[in-house]
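For reference, the structure is listed below as structure tokens.
On a predicted model such as this, the values are computed, not experimentally measured, just so you know. Order of the sequence lines fixes the chain letters, A, B, ..., with proteins taken first and strands second; residue numbering starts at 1 for each chain.
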Number of protein chains: 2
Amino acid sequence: MPEQHEEPEDPWKGDGGPAPDLQTYAVLLRRMNAEFNRLAQHFAHEHGLHLTDVQALIEILDADPGTAVTPGRLRERLQLTSGAVTACLDRLEKAGHVQRVRDARDRRVVHIHYAGRGRELARSSFRPLARSTEAAMRRLSDDELRTVARFLTLMGDELDAQSR
Amino acid sequence: MPEQHEEPEDPWKGDGGPAPDLQTYAVLLRRMNAEFNRLAQHFAHEHGLHLTDVQALIEILDADPGTAVTPGRLRERLQLTSGAVTACLDRLEKAGHVQRVRDARDRRVVHIHYAGRGRELARSSFRPLARSTEAAMRRLSDDELRTVARFLTLMGDELDAQSR
DNA sequence: TATATAAACTCAATGATTGAGATGTTCAAT
DNA sequence: ATTGAACATCTCAATCATTGAGTTTATATA
């Protein structure tokens, strides 16, 4: 029996065929997540940072402009103890990426702001991610892009709800 | 001027409106990735494991059935040093989740197999993820699901290529 | 004024990870 | 056969991020 070496260039391409099931999605999502983390880790190493530091920078970068980023917020978002957050911010501040600013109204809280090339650094950390995303986006129509964005939003909301 | 508090229940819903841009996608993807990691970390903690151990279990779970999982493979996939991989596998083996088996043909290499409740544990680690995914999937048509699967596949391929 | 709660920090202990090197294995060349 | 290079994994001491308990400073409540 000769090898049936089929090359599925672009699965789920046509309108026909079966719809992908949960298991398929799970694998696809896990794979993407793993690739993400690989990139993040690679970037971190390249800049003498730790994965935690990069995650913190992302959290600060993507924070809702209305919501101030505080050590406490990082604690719950990154699942760290307060000691770990302090150490992480010490590293980022010493490296000149962020700056701690005491809140004038409630002097217990500290706000984290970008300093120096922090924002630029955070953005550049996703240059490779952006490149990949762009490449993938180019192969979808506007209509399809809207569909995917809708799915990603739904997933984000669901996962957010799940973790509470 | 009264607050214009619009509530965008489900953005990108209609066929009209502008197509989402790269920046929008970047934020959505980063958000989802962060939520993933939160879930993974939570699960790890719940089972007395480390994030690294969970990532290893995933890697073993999702490995191409044809490709055997070896410490070396984990080393490059999880970006660890060989010492860290050994320690990780020691923990997983001692806990009875995996088993090391020397390859009969090339006695230098070790194959990692599930042992005891390892596979079940790995699967259960994604129960919450599966729940969220299912909920999100339910709100898309078969056609849309195919589109999203196509995007996820493209992203996975692009990221894979990027990290080399 | 006292008391409770809160946010962030300190610091010693823990333990995962690193990095250099050891061990055992395969393969090609001599 | 024997030597030597490449390889996969493991060992182990040192490093360093993280933990966990407790401290400090500030706010809110009675």
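Where B:Asp90 and A:Ala84 meet DNA chain D, the nucleotide closest to each residue was compared, and B:Asp90 sits on the side nearer the 5' end. Of the two residues near DNA chain C, B:Ala104 and B:Arg91, the one whose nearest nucleotide lies more 5' is B:Arg91. Of the residues near DNA chain D, A:Gln79 and A:Arg108, the one whose nearest nucleotide (by heavy atom distance) lies more toward the 5' end is A:Gln79.
Each of B:Asp160, B:Leu29, B:Asn33 was compared with A:Met32 under the side-chain contact (heavy atoms from CB on, under 4.5 Å) criterion, and only B:Leu29 meets it. Residue A:Arg31 is tested with B:Asp157, B:Asp62, B:Thr153 for a side chain to side chain donor-acceptor pair (under 3.5 Å); the sole match is B:Asp157.
If you check every strand for non-hydrogen atoms under 4.0 Å, A:Arg75 touches nothing. Using a 4.0 Å heavy-atom criterion, one finds that B:Gly83 contacts the bases of the nucleic acid, with or without backbone contacts as well. If you check every strand for non-hydrogen atoms under 4.0 Å, A:Arg105 touches sugar and phosphate atoms only.
Comparing atom distances between the B:Thr86 side chain and each of C:dT10, D:dT11, C:dG19 picks out D:dT11 as nearest. Here the side chain of B:Asp106 is nearest to one of C:dC9, D:dT9, C:dT26, namely C:dT26. Of the listed nucleotides (C:dA8, C:dT18, D:dT9), D:dT9 has the atom at the smallest distance from the side chain of B:Val109.
For D:dC10, one of the phosphate oxygens OP1 or OP2 lies less than 4.0 angstrom from a side-chain nitrogen or oxygen of B:Arg100. For the OP1/OP2 pair of C:dT25 and a distance below 4.0 Å, the side-chain nitrogens and oxygens of B:Arg107 include at least one atom meeting the criterion. One finds a side-chain N or O of B:Thr52 lying less than 4.0 angstrom from the OP1 or OP2 phosphate oxygen of C:dT17.
Taking atom CZ of residue B:Arg102 and atom P of nucleotide C:dG24, one finds them 10 Å apart after rounding to whole Å. Between the P atom of D:dA26 and the CG atom of A:Asp103 lies a distance of 13 Å, rounded to the nearest Å. In this structure, the CG atom of A:Leu49 is 12 Å from the P atom of D:dT18, given to the nearest Å. What separates CD of A:Glu93 from P of C:dA8 is a distance of 13 Å, to the nearest Å. Look at CD1 on B:Ile112: it is 14 Å from P on D:dA8, rounded to the nearest Å. A:Leu89 places its CG atom 7 Å from the P atom of C:dC9, with the value rounded to the nearest Å. The distance between atom NZ of B:Lys94 and atom P of C:dG15, rounded to the nearest whole Å, is 12 Å. The CG atom of A:Leu80 sits 16 Å away from the C1' atom of C:dA7 (whole-angstrom rounding).
Within a 6.0 Å radius of NE2 in A:His113, more than 12 heavy atoms belonging to other residues, nucleotides or ligands are found. Remark: B:His111 NE2 is packed, more than 12 non-hydrogen atoms of other residues, nucleotides or ligands lying under 6.0 Å away.
Linking ILVMFWY residues whenever their side-chain heavy atoms come closer than 4.5 Å, directly or via other members, leaves B:Leu61 and B:Val101 in distinct clusters.
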